[in-house]
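Dropping a structure here in structure tokens format, bear with me for questions.
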Amino acid sequence: MTEFTIAQERKVVTSIPGPKSKELHERRRKAVSNGVGAALPVYIEKANGAILVDVDGNQFIDLGSGIGVVSIGHTNQGVIDAVSHQVAQLTHTLFTVTPYEQYVEVCELLNKHTPGNFEKRSALFNSGSEAVENAVKFARKFTRKPAIAVFDHGYHGRTNLTMAMNFKAAPYANGFGPLASSVYHVPMSYPFRDPEGMTGEQAAERAIVYMEKHIGAEDLAAIVIEPVQGEGGFITPAPGFLTAITKWAKANGVLIVADEVQAGVARTGQWFASEFEAGFEPDLFTIAKGIAGGMVISAVTGRADIMDAAHPGGIGGTFGGNPVSAAAAVSVLKQIEAGGVLEAAQRIEATLMPRLLELKAKYPVVGDVRGRGAMIAIEFVEAGSKKPNKEITDKLIAHCHQNGVLVLNAGIHYNTLRFLPPLVITDELLNDAIDVLEAGIKAHS
Ligand code: PLZ
């Protein structure tokens with residue numbers, strides 16, 4: 001059992017945001033760029049387990065984990081110990097100047113635990129976007145081809161290349177162009193919105209026609225796909241889709257990059273979300289967020305022949321895989337190895353799913369409940385139709401925030417609520433949060 005240092009309970013003691021948060025928000029307005037958003041402007045002072053404490057003393061149930069980052073729990077003791085030790089030992093050399101063991105150990109652990117029975121290599125970076133950028137570099141260098149295929153509703157980052165890879169130009173790319181070229185968007189399998197009865201194989205056929213006619217396999221280096229889409233609203237493709245895409249890619253000399261930045265590292269109840277379909281065989285994985293308990297690190301892991309095709313000096317960066325972040329990642333990965341973490345994500349699914357399906361049966365505004373493990377979402381619709389219902393989603397988010405539950409939205413129409421709690425969250429907290437949500441649905445639908 002995890003020992004918590006902050007009581008795992010929701011507590012609202014001021015209006016939300018409280019007076020101290022409001023004061024900080026005023027300071028922020030004068031200091032921070034307007035381009036940087038704020039979903040809930042309460043300023044957080046400390047956290048533990050699944051509870052965030054703000055500067056006014058309010059306690060929030062965290063159903064977001066900083067968008068899937070502190071999966072191991074806020075202020076996890078193993079991470080605290082690893083980071084404290086490392087920060088007093090060595091904080092930086094730059095791995096490409098004079099290396100250190102922690103970087104190698106993270107790569108060994110990732111090579112071991114990513115799917116695929118082949119020799120692997122890894123390289124470490126700072127952010128999810130940077131991992132995706134580098135996966136594309138590896139794929140292009142190995143295949144000597146330029147084009148990249150990505151899927152509708154997908155999200156891959158905020159850098160110049162990854163902006164072009166996102167489905168949504170608004171808000172991620174508008175006005176920030178020119179965007180990178182040779183990126184092509186193809187249709188995703190979206191069971192809730194695809195034609196009734198469309199199978200995974202049929203959805204894959206639809207995507208393959210795009211790739212063959214619109215791009216051409218002879219120019220296509222890689223298909224980059226999230227096995228469960230994050231920002232897109234936890235869209236989980238129909239069974240058979242990922243297998244059919246893999247078969248086509250293998251037959252046509254096209255690589256598959258699984259973007260596991262949001263779905264990876266125990267979030268879905270497996271090490272990686274790619275494991276749910278045996279016929280899905282990615283060549284490369286991009287990994288970030290949940291890997292290091294909030295410390296800054298990301299990775300590309302994959303087939304040794306692809307990863308080694310990059311020439312020495314072609315890949316790197318000043319901070320990638322810095323010793324402190326690497327030590328945190330080793331701690332997190334070893335805690336998952338030790339057991340109990342994947343099971344925690346599975347337990348969260350077992351607690352959440354039946355409750356959310358009950359909401360779906362009771363309230364016609366709940367259109368779809370989907371996801372895997374501790375990565376579950378509700379898509380809201382107008383009662384009696386599948387028309388996206390952003391209005392109620394906004395109201396519910398505000399209601400949850402006012403009542404001490406931090407939820408995030410997702411989906412291209414902002415009509416999806418997503419739950420990605422720290423995996424240490426107790427069933428009591430989960431049920432309390434869903435009670436708050438249900439009261440909101442009752443009041444607003
Ligand atoms: N790939 C699948 O989910 C990051 C974005 C938050 P970075 N998603 C959260 C925001 O609004 O900026 C993400 C992802 C997938 C890549 C990324 C990019 O990861 O660490 O944010 O660069």
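Atoms within a ligand are numbered from 1 in the order they appear, just like the ligands themselves. Residues: numbered from 1 along the sequence shown.
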Decide side chain to side chain donor-acceptor pair (under 3.5 Å) for Asp81 and Gln77; before the verdict, give the C-alpha distance in whole Å, the side-chain angles of both, and the deciding distance to 0.1 Å.
-> CA-CA 6 Å; Asp81 294 344; Gln77 195 56 48; 2.9 Å; yes
Ring pair (Phe, Tyr, Trp, His ring centres under 6.0 Å) involving Tyr155 - partner list, sequence neighbours excluded |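 Per chain and number, Tyr155 pairs via ring pair (Phe, Tyr, Trp, His ring centres under 6.0 Å) with Tyr172.
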Qualifying salt bridge (charged side-chain N to carboxylate O under 4.0 Å, His left out) pairs with a residue from residues 39-53, counting only residues at least two apart or across chains |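 Every pair satisfying salt bridge (charged side-chain N to carboxylate O under 4.0 Å, His left out) with a residue in residues 39-53: there are none.
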Who's touching ligand 1 if we go heavy atoms under 4.0 Å?
->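 If the criterion is a heavy atom under 4.0 Å, then ligand 1 touches Ile67, Ser127, Gly128, Ser129, Tyr155, His156, Gly157, Arg158, Glu226, Glu231, Asp259, Val261, Gln262, Lys289.
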Aromatic centroids of Phe319 and His92 separated by under 6.0 Å |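 Yes: the rings meet the under 6.0 Å criterion.
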For Phe151, what residues pass the ring pair (Phe, Tyr, Trp, His ring centres under 6.0 Å) criterion, not counting sequence neighbours?
->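 For Phe151, the residues satisfying ring pair (Phe, Tyr, Trp, His ring centres under 6.0 Å) (neighbours in sequence not counted) are Phe241.
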Heavy atoms, side chains only, cut-off 4.5 Å: are Gln270 and Gln346 in contact?
->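 Yes. Closest side-chain heavy atoms under 4.5 Å.
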